[in-house]
Amino acid sequence: SFFFRERVKIIQILILFLCVVWEKFSSQSNFDRKMYHYGTFPEGFSWGISSSAYQIEGGWNADGKGPSIWDTFTQTTDSIPDSANGNVACDSYNRLNEDLYMLRALRVKSYRFSLSWSRIFPDGTRKSLNQKGVDYYNRLIDGLIAYNIEPMVTLYHWDLPEALQKVSGWENAAMIDIFNDYCDFCFATFGDRVKFWITINQPQTIAWSGYGLGNMPPNVVDPGYRPYIVAHNLIKAHAKAYHTYDDKYRQVQGGLISIALNADWFEPADVNVVREVVTADRAMQFQLGWFAHPIFKNGDYPDALKWQVGNKSEIQGLPQSRLPSFTEEEKNFIKGTADVFCVNHYTTRVVSYLTAELQPHSYEWDRDLRETDEPDSPTTAIPNQKAVAWGLRRLLNWIKEEYGDPEIYITENGAAVEWDDFERVMFYKAYIDEALKAYDLDGVRLQGYTATAFMDSFEWLHGYKFLFGLHHVDFTNPDRPRTPKYSAHYYYNIIKDNGFPLPDDDKMLYGHFREDFMWRTMLTSCLTVLVWFKSVTNTSSIHTHPYFVFKFHCSLFHTSNCL
């Protein structure tokens with residue numbers, strides 16, 4: 001409708017006033033954005049490393065563990081290279097002491113790992129409690145505490161118990177209470193030692209890849225409807241778990257709780273074109289704002305998301321928007337349900353405006369944009385994941401401006417490389433330095449950085465083809481021996497130095513000469529300077545040039561011994 005289009009124009013104008021990040025960095029030259037910055041992070045900065053249960057644990061049916069949707073998928077599909085699966089993976093379930101030794105040697109401050117829901121509750125519910133699974137995580141947590149490593153625990157990292165998928169999984173609103181009961185048990189069981197909880201990892205990936213594209217479990221292909229329904233349930237499930245912790249455990253346990261959201265940085269194809277900047281902001285809102293706006297702002301979806309999907313739905317002749325709506329009570333319940341902002345970041349994309357298709361109904365087409373690779377950055381092994389380090393600084397600034405300057409933790413960042421680990425070292429050097437710029441130059445309240453990944457592991461749809469690990473794992477050997485790579489040594493030194501302190505050779509030298517030091521000048525030197533200055537300035541009356549007279553007099557008559 002005309003009224004709706006006018007409202008869109010108004011909000012686009014308002015967005016321009018909010019796009020301070022693109023305005024701030026638009027004048028940066030290529031040299032400026034690649035300039036290296038020396039400095040250190042604040043004292044107590046949390047240096048961490050990450051993994052997830054299905055990627056490293058193995059023991060898929062050991063000691064009473066139930067199957068997850070990833071167990072089912074990998075054992076029944078041919079779509080993963082070499083028909084790989086996580087049945088054994090890194091065998092961390094049986095090699096816990098080796099993992100703890102490597103973490104201790106790396107000197108990380110925190111270790112982000114996930115709990116396998118079906119190892120604790122084989123059928124997804126409390127009545128199926130598996131004590132041996134609980135014992136495994138108690139050993140892991142106790143081992144970390146013994147080495148002064150903070151456990152950063154993700155409650156759900158994609159591996160839903162298969163039994164719950166049989167009752168429609170995250171499409172079913174009943175999952176909100178089921179997930180909350182699982183979280184409640186974990187808070188009560190591990191919360192005396194765990195002080196950093198993450199409810200759900202990358203809900204946008206779950207909703208879109210799992211229920212839209214259908215290329216990840218549970219492999220539902222419905223791009224126009226179910227991603228929005230699933231996201232709606234995930235947000236409410238997160239909020240309920242947050243309130244359970246807040247109401248029952250926080251006062252005694254004193255921990256933090258958040259959700260890990262994935263975010264690329266979206267750079268407009270032409271920062272000088274208003275429509276392209278608005279498109280980039282819309283891309284951010286559709287990916288990150290989809291979940292962050294309800295949790296960190298007002299309990300509701302971003303206007304860009306509501307208006308795009310609502311307008312498309314109206315044009316498509318639907319009786320209502322394909323995007324569900326929250327009640328006022330739900331908005332108040334969701335708003336503010338995160339203590340810190342946790343973000344997973346891997347790459348930057350370039351976006352431009354596109355009048356997208358109306359059919360089929362799709363979250364992808366709802367965005368009205370086109371994505372392309374950033375052309376001037378190094379590639380990684382994974383397509384569409386170029387190493388665009390400067391995008392991280394811009395993303396952190398965008399989060400700061402958009403969500404009221406929260407404390408931020410980078411909870412995943414890393415690169416897959418096929419052979420040369422030097423490329424991974426360069427990735428970390430560049431990305432961590434951009435994080436340092438955001439903290440040191442831009443005032444972003446960055447509290448921690450988590451490298452991905454702890455060791456080579458099952459890399460989801462890529463199997464064991466592309467590897468993110470700082471430690472090599474020999475998957476051809478049944479003992480799964482681990483070996484630190486060059487990148488592990490490099491990351492160790494960054495942790496030790498707490499960033500990139502200025503090397504001694506590059507520091508400015510200040511001091512005094514001895515009291516009887518004799519200062520003098522030579523006429524020949526002065527004449528040489530006169531001739532040189534005249535040649536480079538084309539100044540005919542050089543003896544009267546004010547800049548030269550000032551400097552020349554200073555050289556003759558300055559007598560201080562202080563530099």
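To the nearest 0.5 Å, atoms NZ (Lys386) and OG1 (Thr380) are separated by 9.5 Å. Summarising the geometry, atom CZ belonging to Phe466 is positioned 10.0 Å from atom CD belonging to Glu459; distances are rounded to the nearest 0.5 Å.
Residues His243 and Phe333 bring their aromatic ring centres within 6.0 Å. Aromatic pair Tyr93/Trp60: ring centres not closer than 6.0 Å.
By the salt bridge (charged side-chain N to carboxylate O under 4.0 Å, His left out) test, Arg445 is found to be paired with Glu407, residues two or more places apart in sequence or in another chain being considered.
Using bins of under 30°, 30° to 60° and over 60° for the plane-to-plane angle, the ring pair Phe187/Trp197 lands in the perpendicular bin. Using cut-offs of 30° and 60° for the angle between ring planes, the Trp70 and Phe73 rings count as perpendicular. Relative ring orientation between Trp47 and Phe45 is described as perpendicular, the plane-to-plane angle rising above 60° on a 0-90° scale split at 30° and 60°. Below 30°, between 30° and 60°, or above 60°: for Tyr182 and Phe179 the angle between ring planes is between 30° and 60°, a tilted geometry. Between Tyr403 and Trp398, the two ring planes are perpendicular [angle over 60°; tilted spans 30° to 60°]. By the 30° and 60° cut-offs, the orientation of the rings of Phe190 relative to Phe185 is perpendicular.
Side-chain contact annotation: Asn344 with Gln202, donor-acceptor N/O pair under 3.5 Å present. Between the side chains of Asp91 and Asn94, at least one donor-acceptor pair of N or O atoms lies under 3.5 Å. Inspection of the Tyr137 and Ser116 side chains reveals no N or O donor paired with an N or O acceptor under 3.5 Å. Between the side chains of Arg139 and Asn97, no donor N or O sits under 3.5 Å from an acceptor N or O.
Lys195 has no carboxylate O lying under 4.0 Å from a charged side-chain N of Glu150, or vice versa, which leaves the two without a salt bridge. For the pair Asp421 and Arg424, the salt-bridge criterion is met [side-chain N within less than 4.0 Å of a carboxylate O]. The existence of a salt bridge linking Asp82 and Lys465 is excluded, since no basic side-chain nitrogen approaches an acidic carboxylate oxygen closer than 4.0 Å.
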**Message:** Using the rule given for salt bridge (Lys or Arg N to Asp or Glu O under 4.0 Å), can you reason through Glu374 versus Arg349, listing the C-alpha separation, both sets of side-chain angles and the distance that settles it, and then say yes or no?
**Reply:** CA-CA 6 Å; Glu374 203 286 323; Arg349 306 285 289 160; over 6 Å; no

**Message:** Assess the residue pair Arg119 and Glu57 against the criterion (salt bridge (Lys or Arg N to Asp or Glu O under 4.0 Å)); give the C-alpha distance rounded to whole Å, side-chain angles, the decisive distance to 0.1 Å, and a yes or no.
**Reply:** CA-CA 11 Å; Arg119 195 180 295 285; Glu57 282 182 4; 2.9 Å; yes

**Message:** Please evaluate residues Asp339 and Arg250 with respect to the criterion salt bridge (Lys or Arg N to Asp or Glu O under 4.0 Å), reporting the C-alpha separation (whole Å), side-chain torsions for both, the decisive distance (0.1 Å), and the verdict.
**Reply:** CA-CA 11 Å; Asp339 300 320; Arg250 187 189 300 276; 2.9 Å; yes

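Checked against Tyr111 for a side chain to side chain contact (heavy atoms under 4.5 Å, CB included), the options Leu100, Leu106, Leu140 give a single hit: Leu140. When each of Phe286, Trp290, Tyr363 is checked for a ring pair (Phe, Tyr, Trp, His ring centres under 6.0 Å) with Trp208, only Tyr363 meets the rule.
The backbone N or O of Gly255 sits less than 3.5 Å from a side-chain atom of Tyr245, completing a donor-acceptor pair.
For the pair Arg482 and Phe454, the cation-pi criterion (under 6.0 Å, within 45° of the ring axis) is not fulfilled.
When all heavy atoms are compared, the tightest approach of Asp71 to Gly66 is OD2-O, 4.1 Å.
Residue-environment remark: OH (Tyr147) exceeds the threshold of 12 foreign heavy atoms within 6.0 Å.
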